[in-house]
Structures are given as structure tokens and as C-alpha cells.
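Only this structure's heavy atoms are used, side chains among them; waters, hydrogens and symmetry mates stay out.
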Amino acid sequence: MSAPAPATPSGPADGPAGDERLITRSPLKKLLGRPELGAVVGAVAVFLFFTFAADSFLQLSSLTTVLYAASTIGIMAVPVALLMIGGEFDLSTGVAVTSSALVSSMFSYQMTANVWVGVGVSLLLTLAVGLFNGVMLTRTKLPSFIITLGTFLMLTGLNLGLTKLISGTVSTKSIADMEGFDSARAVFASTLTVGGVHIKITVLWWIALVAVATWILLRTRYGNWIFAAGGDADAARAVGVPVRATKIGLYLGVALGAWISGQHLLFSFDVVQSGEGVGNELIYIIAAVIGGCLITGGYGSAIGSAIGALIFGMTSKGIVYAEWNPDWFKFFLGAMLLLATLLNHWVRKRAEETA
């Protein structure tokens with residue numbers, strides 16, 4: 001029998017177990033209360049900036065490249081955002097993506113099997129990593145920072161050590177001539193042509209994940225549980241929220257995102273470098289924070305994480321189109337993080353004052 005959802009609050013001053021989304025508010029208050037408001041303002045500002053700074057920025061080919069760059073981050077930023085709303089972190093996401101790709105490639109090559117067999121094995125093992133993180137977190141009560149930092153280090157070592165042991169080098173062997181490769185590439189790394197515009201299939205994966213995550217957060221009991229567990233886990237547990245199962249489910253969602261991203265990495269380039277992915281976990285977290293997720297949990301949205309990823313894509317490619325030194329990219333990304341965080345803090349404060 002499923003646990004009951006948190007009780008509906010009778011007013012703004014009710015405890016964290018209540019669902020403030022059910023309170024009747026004016027359109028202005030609703031707008032100020034949206035987590036992604038600051039990200040929307042930032043995205044518009046970045047778009048206008050590069051529109052004037054880079055002559056080629058508004059070309060269709062440039063915009064599709066921006067969308068592709070955003071989608072490769074956004075696929076992971078969506079489940080990472082849900083995890084942050086649930087009050088936890090995952091520092092192993094970057095290398096987990098690489099692990100997923102390595103398992104698919106090496107299993108298929110060594111077993112001379114259809115590559116879809118390797119893809120299936122990779123899914124199971126990647127989900128096992130997510131399950132490990134979730135169970136360790138809920139059983140040991142250690143901070144997710146410590147748990148997933150340990151997983152990050154272990155996966156980093158396994159990626160390099162096992163790849164060199166099995167392949168003899170730091171990269172995998174080519175599987176482009178194996179059965180099933182073309183169909184797998186069509187699913188994970190193909191390019192669609194719509195009205196003469198070339199769009200990477202990762203954009204569709206990204207949109208689908210945003211839609212599903214938004215539906216979960218706003219239309220399901222599990223979404224209530226995520227907000228409640230991130231806002232105050234003890235209070236949520238006291239009113240019947242299955243906090244342990246909720247957080248394990250969130251880590252499994254992150255693992256699913258890592259698997260999708262890993263398959264795209266593999267089938268885009270055919271081979272995988274075992275050292276890839278280190279540092280990407282911070283980019284996923286940055287996209288979620290820019291999108292309105294609070295570090296403390298209990299607040300945020302999947303749409304906001306998508307906008308954060310879009311800002312990342314516009315910034316990374318806009319600098320190239322403006323013909324600036326790409327060394328400045330991290331500076332702009334850091335500035336956007338600070339500005340978005342300050343704006344999100346101001347918006348939330350105003351929303352609380354007018355509630």
C-alpha cells in the first residue's frame with residue numbers, strides 16, 4: 001500500500017510537508033514563485049548579447065549547434081535537478097556517463113555480440129551504480145557529497161584500469177562494423193532533417209526527459225514526495241512520505257540519464273577514451289543551479305534545468321561564433337552561475353514577501 005502524500009497546507013506559514021503549489025495566488029505571485037524565472041531572464045540576456053556580439057549566431061546552423069551543445073548537458077541536468085530538489089548531490093555523474101559507454105563498447109567487442117547486448121548490459125550496470133549510491137546514502141546516513149565522491153573516484157579508477165587491462169590502451173576498440181551498430185546509432189546519435197534543418201536526436205531525448213520530469217514533479221504523488229524529502233526529510237517522513245525509496249529512485253533516474261548520455265557518446269564517436277567525463281558533474285550541477293534549484297533542496301524545476309543547459313550551450317558556442325578566445329568560457333560560465341544564483345535568491349525572497 002502506498003504511503004499518503006503530505007497534507008495540503010492551510011496557509012503560507014504551514015510546515016515544509018505542505019505543498020505550497022496548491023495555494024491560490026495572483027498571477028504576479030505565481031510568476032515570482034517560479035524557480036526558472038531567473039534562468040529565463042538570464043537566457044534572454046545571453047541570447048541578446050551574442051546576437052549582437054556574433055554575426056553568425058542567428059544562423060539556423062548555429063542555433064542547431066547551440067541546441068545540440070545544450071542537449072548533451074541537459075540530458076543529465078534534468079535528473080540531477082530532480083535529485084537536487086530531493087536534497088542530494090551526485091558527484092559521480094560525469095564519469096558514470098563514460099563508464100556506461102565503456103561497458104557497452106567493451107562488452108560488445110569482447111563477446112563479439114550484437115551491440116544491443118552491450119547496450120543492455122550497460123543499462124543494468126549503470127542502474128546498479130545509481131542503486132549503490134542510493135542505498136549507501138540511505139543506509140549509512142552519510143552526506144551524499146561523501147558517498148558520491150567515493151563513487152566518482154572508484155569509477156575513475158575502474159574506467160582507466162579495466163580499459164587498459166582489456167584493450168591494452170586507454171581507449172576502446174572500434175565497434176562500427178558490428179551487428180546492430182547502425183540501428184543503435186540511429187537511436188542515440190543520429191541527425192534528423194526537419195525542413196532542411198539538421199537536428200541531433202539528443203535534442204528530442206532532452207525534450208522528452210524535460211516533459212516526463214515536469215509531469216512527475218507537478219502531476220504525481222512522487223513529485224510531492226521529492227519536494228517534501230528535499231525540504232525537510234524528517235517532517236516528510238513523519239507524515240508518511242517514503243523518503244528512503246524516493247531518494248533511491250532519484251539516484252536511479254540519474255543513472256538512467258547517464259546511460260542515455262553514455263550511449264550517445266559511444267555511438268557518436270565509435271570509440272571512447274577512458275579518461276573522459278571528469279569535471280562534467282560540476283557542469284550538470286551548475287545548469288541545475290542556474291535553472292533555479294536550491295543547494296539546500298526542496299525547490300527547483302526540470303524546465304529550469306533545461307534553461308540552464310541552454311545558457312551553457314549559448315555561452316559555449318557563442319564565444320566561438322564571436323571568435324573570442326575559448327579560454328574565457330569558464331569565466332563567463334562562473335559569472336552566469338553567480339548572477340543567476342543572486343537573481344534566483346532575490347526572486348524567491350520577493351515571492352516570500354508577497355505570499
Side-chain angles (χ1 to χ4, degrees), residues 72-73 75-77 79-80 83-84 88-113 115 117-175 184 188-189 247-248 250-288 330:
T72 57
I73 300 300
I75 287 173
M76 283 302 299
V80 166
L83 181 64
M84 290 180 65
E88 305 297 344
F89 288 95
D90 191 343
L91 297 180
S92 66
T93 50
V95 291
V97 170
T98 305
S99 298
S100 171
L102 289 171
V103 170
S104 293
S105 178
M106 289 192 291
F107 189 90
S108 299
Y109 185 86
Q110 296 299 322
M111 301 300 293
T112 55
V115 298
V117 177
V119 169
V121 172
S122 174
L123 174 61
L124 294 177
L125 291 180
T126 307
L127 289 175
V129 172
L131 181 63
F132 172 81
N133 284 335
V135 171
M136 285 291 292
L137 172 78
T138 55
R139 288 290 180 87
T140 65
K141 309 299 182 183
L142 289 172
S144 56
F145 178 88
I146 299 298
I147 297 292
T148 58
L149 179 60
T151 308
F152 162 81
L153 294 172
M154 289 189 292
L155 288 179
T156 302
L158 284 173
N159 288 350
L160 180 60
L162 289 179
T163 303
K164 292 183 70 174
L165 178 65
I166 295 174
S167 301
T169 64
V170 296
S171 63
T172 60
K173 305 294 185 182
S174 173
I175 60 171
F188 295 107
K247 296 199 174 189
I248 290 176
L250 290 173
Y251 275 104
L252 289 174
V254 171
L256 178 62
W259 173 74
I260 295 172
S261 295
Q263 303 319 295
H264 171 68
L265 176 66
L266 170 61
F267 294 107
S268 290
F269 304 103
D270 180 23
V271 297
V272 183
Q273 298 292 327
S274 58
E276 291 186 28
V278 176
N280 284 351
E281 62 280 346
L282 296 180
I283 294 178
Y284 306 145
I285 293 173
I286 288 172
K330 290 296 178 64

Subject >> Residue pair I75 / G257: nearest heavy atoms and the distance that separates them >> reply: CG2-O, 3.9 Å

**OP:** Would you please name every residue forming a side chain to side chain contact (heavy atoms under 4.5 Å, CB included) with F132, sequence neighbours left out?
**Re:** M136, T151, M154

Subject >> Spacing of OG1 belonging to T138 relative to CD1 belonging to I147, to within rounding of 0.5 Å >> reply: 9.0 Å

Subject >> N/O donor-acceptor pair under 3.5 Å between S100 side chain and A96 backbone >> reply: no

Subject >> Shortest non-hydrogen contact between S108 and G118, atoms and distance >> reply: OG-CA, 3.4 Å

Subject >> side chain to side chain contact (heavy atoms under 4.5 Å, CB included) between L123 and L256, worked out >> reply: CA-CA 7 Å; L123 174 61; L256 178 62; 4.1 Å; yes

**OP:** Determine whether V129 and S99 make a side-chain contact, defined as any pair of heavy atoms from C-beta on separated by less than 4.5 Å.
**Re:** no

Original post:
Do you know which two heavy atoms are closest between G130 and L252, and how far apart they sit?
Top reply: C-CD2, 4.3 Å

**OP:** Would you check if L137 and K247 make a side-chain contact, meaning some heavy-atom pair closer than 4.5 Å?
**Re:** yes

Subject >> Set of residues satisfying side-chain hydrogen bond (donor to acceptor under 3.5 Å, both in side chains) with respect to S174, sequence neighbours excluded >> reply: D270

Subject >> Listed partners of I146 passing side chain to side chain contact (heavy atoms under 4.5 Å, CB included), at least two apart >> reply: P143

Original post:
In Å and rounded to the nearest 0.5 Å, what is the CD1 to CD1 distance from I283 to I73?
Top reply: 5.0 Å

Original post:
How would you list all residue pairs meeting side chain to side chain donor-acceptor pair (under 3.5 Å) that involve residues 272-286, not counting sequence neighbours?
Top reply: none

**OP:** Answer yes or no: is there a side-chain heavy-atom contact under 4.5 Å between V97 and M76?
**Re:** yes

Original post:
Which pairs count as ring pair (Phe, Tyr, Trp, His ring centres under 6.0 Å) when at least one residue sits in residues 250-277, sequence neighbours excluded?
Top reply: Y68-H264, F181-F267, F188-W259

**OP:** Taking all heavy atoms of A113 and all of V117, pick out the closest pair and write down the distance.
**Re:** CB-CB, 4.1 Å

**OP:** Kindly indicate, with the supporting measurements, whether the criterion side chain to side chain contact (heavy atoms under 4.5 Å, CB included) is fulfilled by I175 and L266.
**Re:** CA-CA 9 Å; I175 60 171; L266 170 61; 4.0 Å; yes

Contacts table for residues 164-172: side-chain donor-acceptor under 3.5 angstrom, sequence neighbours left out:
residue : atom : partner : partner atom : Å
T169    : OG1  : S171    : N            : 3.4
T169    : OG1  : S171    : O            : 2.9
T172    : OG1  : S105    : OG           : 3.3
T172    : OG1  : V272    : N            : 3.0

Original post:
Would you call T93 and V254 a side-chain contact if the rule is heavy atoms closer than 4.5 Å?
Top reply: yes

Original post:
Could you give the distance from CG (L124) to CG (L131), rounded to the nearest 0.5 Å?
Top reply: 11.5 Å

Subject >> Atom pair CD1/CZ of I285 and F89 - distance to nearest 0.5 Å >> reply: 6.0 Å

Original post:
Between CG of L102 and CG of L125, what distance do you get to the nearest 0.5 Å?
Top reply: 12.0 Å

Original post:
Can you tell if the side chain of D90 reaches within under 4.5 Å of the side chain of V80, non-hydrogen atoms only?
Top reply: no

